[in-house]
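A short worksheet on the structure shown next.
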Amino acid sequence: FPVTIRGFWEKAKNEASGGGADEFAESPHLGAPMALTRSLAGAVVGQPNRVGKDSPRGKESGSGADVVIVGAGFTGLAAAYEFCRQGLRPLVLEAADSPGGLAGTFTFADGVEIEKFYNHWFASDVHIQELIHELGLQSSVLTLPSRPGLYLNRRHWKFASPADLLAMTAIPLWDRLRLGFCVLEARRQKDWRRLEELNVREWLEPRCGTKAYRTIWEPLLRAKFGSLAEEVNAAWMWKKLALRGGTRDGQGHEQMLYFSGGFGELARKLAKQIETMGGRILYQTPVFGAERDGKELACLTTRHGADYRDWE
């Protein structure tokens, strides 16, 4: 049945220690401004009237949410964790039956759990490492060498280090050198805005050569993006090259970071910590719409068949 969550929005600073809203404007674990800087004063389920936490019904239940967050992916979980640290009570609404979002996992019939998409971090991903340290889970982080490779001309080629590139005789030596210099150039370039008007081919092909582009980059791009490969912006490829170049050890070998048990295990531990700190996460609760009152968010509409009286 339709469930409507309604509430009055106030500045988050009024719910914390009297600090300004700017305290919540940026999370050290998100690495970017957080969108949720207002708090939900109360919630009501199954009927259109408003119930604030200062109303008789809100006082009776004693469990109104200060902040509502849509989605229990890592951004939503990190936001909820930050609000818990500020003394607020976040309510997270998640459509799936488990946390993690696109960085979550799925389980086979035999119980084997596999990541949906992402399965590693780069050494330069410092924000998630700081969060893991705060949670006391640093012993679960594994650092392992990556082993990327290519299958060309009926042969497997290692593609993990400068030495591997030089040994790849499937492309001419000059193009191998140009490809290496192209990666170095990407690591030195700091202003991505210069690349916004170019697609990947327009940026890469003049630098690494047509042979290297068509042999290495073009098949990879088409495998990932299909018919849209030609439309991929050059800034995306630049970021990938810059990231991967910054994860190498002194010998030029790439090092990746993994979480023991997978990203799903980390999401579950973070979700448990949020609930321990007073937050709530409701699974199988997709949000179907939102209503505004002027510039304020006044209402989120969801649907669920469970009994919500415990948090009304």
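Keep in mind that what you see is a predicted model, and the values were worked out from it rather than measured. Below, all heavy atoms of this structure are taken into account, side chains as well, without hydrogens, waters or symmetry copies.
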Does the side-chain contact (heavy atoms from CB on, under 4.5 Å) test come out yes or no for Met237 and Trp217, once each step is laid out?
CA-CA 10 Å; Met237 190 67 183; Trp217 298 125; 3.3 Å; yes
Tell me, with the steps shown, if Gln255 and Thr143 meet side chain to side chain donor-acceptor pair (under 3.5 Å).
CA-CA 6 Å; Gln255 302 292 315; Thr143 301; over 6 Å; no
Run the side-chain contact (heavy atoms from CB on, under 4.5 Å) test on Met277 and Arg85 for me, step by step, so that the C-alpha distance in whole Å, both residues' side-chain angles and the decisive distance to 0.1 Å come before the verdict.
CA-CA 8 Å; Met277 297 170 73; Arg85 293 181 65 204; 3.8 Å; yes
Verify side-chain contact (heavy atoms from CB on, under 4.5 Å) between Phe159 and Asp164, making sure each step is shown before the conclusion.
CA-CA 5 Å; Phe159 198 54; Asp164 294 336; 5.5 Å; no
Working for side-chain contact (heavy atoms from CB on, under 4.5 Å), residues Ile216 and Ile171:
CA-CA 9 Å; Ile216 296 177; Ile171 58 176; 3.9 Å; yes
Apply the test salt bridge (charged side-chain N to carboxylate O under 4.0 Å, His left out) to residues Glu218 and Arg214: give CA-CA distance (whole Å), side-chain angles for both, the deciding distance (0.1 Å), then the verdict.
CA-CA 5 Å; Glu218 188 174 56; Arg214 293 183 177 177; 5.1 Å; no
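Leu131 and Val126 fall into different hydrophobic clusters, where Ile, Leu, Val, Met, Phe, Trp and Tyr residues are linked whenever their side-chain heavy atoms come under 4.5 Å apart, directly or through other members. Hydrophobic clustering, with ILVMFWY side chains joined whenever heavy atoms are under 4.5 angstrom apart, keeps Leu177 apart from Leu150. A continuous path of ILVMFWY side-chain contacts below 4.5 Å connects Leu204 to Trp192, so both sit in one hydrophobic cluster. Following chains of ILVMFWY side-chain contacts shorter than 4.5 Å, one can reach Leu270 starting from Phe117, so the two form part of one hydrophobic cluster. Under the 4.5 Å side-chain heavy-atom criterion for grouping Ile, Leu, Val, Met, Phe, Trp and Tyr, Leu241 is not connected to Phe181 through any hydrophobic cluster.
Within the model, atoms CG of Leu220 and CZ of Arg222 stand 12.0 Å from one another, a figure rounded to the nearest 0.5 Å. Rounding to the nearest 0.5 angstrom, the gap separating the CH2 atom in Trp238 from the SG atom in Cys182 is 13.5 Å. For the atom pair Leu166 CG and Leu173 CG, the distance stands at 7.5 Å (nearest 0.5 Å). We find the CD1-CG distance between Ile69 and Leu77 to be 8.5 Å, quoted to the nearest 0.5 Å. Between Gln189 atom CD and Lys239 atom NZ the span is 12.0 Å, to the nearest 0.5 Å. Atom CD of residue Gln284 and atom CG of residue Asp97 lie 5.5 Å apart, to the nearest 0.5 angstrom.
A donor-acceptor pair shorter than 3.5 Å cannot be found between the side chains of Glu115 and Thr105.
A 4.5 Å side-chain heavy-atom check between Tyr258 and Leu144 finds at least one atom pair inside the cut-off. Side-chain contact check for Tyr81 versus Glu134: some heavy-atom pair is nearer than 4.5 Å. Between Phe83 and Ile274 the shortest side-chain heavy-atom distance does not fall below 4.5 Å. Looking only at side-chain heavy atoms (C-beta outward), Leu91 and Val67 stay at 4.5 Å or farther from each other. Two residues are said to be in side-chain contact when any heavy atoms from C-beta on lie closer than 4.5 Å; Ile128 and Leu266 meet this criterion. Residues Asp125 and Leu257 have side chains not in contact (no heavy-atom distance under 4.5 Å, counting atoms from C-beta outward). Annotation: side chain of Ile114 is in contact with side chain of Phe106 (closest heavy-atom distance under 4.5 Å).
Ring geometry for Trp121 against Phe263 counts as parallel: the plane angle stays under 30°, on a 0 to 90° scale with 60° as the upper cut.
A ring-centre distance under 6.0 Å is not found for Trp203 and Tyr213.
Salt-bridge check for Arg188 with Glu185: failed, with every basic side-chain N at 4.0 Å or more from each acidic carboxylate O.
By the side-chain contact (heavy atoms from CB on, under 4.5 Å) test, Arg155 is found to be paired with Trp157, residues two or more places apart in sequence or in another chain being considered. Annotation: side-chain contact (heavy atoms from CB on, under 4.5 Å) contacts of Pro172 (sequence neighbours excluded): Asp175, Lys211.
Remark: side-chain polar atoms of Gln86 are not paired, donor with acceptor, to backbone N or O of Glu82 under 3.5 angstrom. Of the possible donor and acceptor atoms, none in the side chain of Glu94 sits under 3.5 Å from a partner among the backbone N and O of Tyr283. Remark: side-chain polar atoms of Arg176 are paired, donor with acceptor, to backbone N or O of Met168 under 3.5 angstrom. Between the side chain of Glu202 and the backbone N or O of Asn199 there is at least one donor-acceptor pair closer than 3.5 Å. Of the possible donor and acceptor atoms, none in the side chain of Ser140 sits under 3.5 Å from a partner among the backbone N and O of Gln138. Between the Arg280 side chain and the Glu275 main chain, no donor and acceptor come within less than 3.5 Å of each other. Looking only at distances, a side-chain donor or acceptor of Arg178 sits under 3.5 Å from a matching main-chain atom of Pro206. At distances below 3.5 Å, at least one donor-acceptor pair connects side-chain atoms of Gln129 with backbone N or O atoms of Ala123.
Counted within 6.0 Å of NZ on Lys116, heavy atoms from surrounding residues, nucleotides or ligands total more than 12; the atom is thus considered enclosed. Under a cut-off of 6.0 angstrom, the local environment of CZ in Phe288 is crowded, with over 12 non-hydrogen atoms contributed by other residues, nucleotides or ligands. Under a cut-off of 6.0 angstrom, the local environment of CD in Glu197 is sparse, with at most 12 non-hydrogen atoms contributed by other residues, nucleotides or ligands. More than 12 heavy-atom neighbours from other residues, nucleotides or ligands sit within 6.0 angstrom of CH2 on Trp236.
Shortest non-hydrogen contact noted between Ala170 and Leu152 is CB-CD1, 4.1 Å. Looking at every heavy atom in both residues, Ala234 comes nearest to Leu195 through CB-O, 3.8 Å. Taking every heavy atom of both residues into account, Ala80 and Val92 meet most closely at CB-CG2, 3.7 Å. In this structure, Val200 and Asn233 approach most closely via the heavy-atom pair CG2-O, 3.6 Å.
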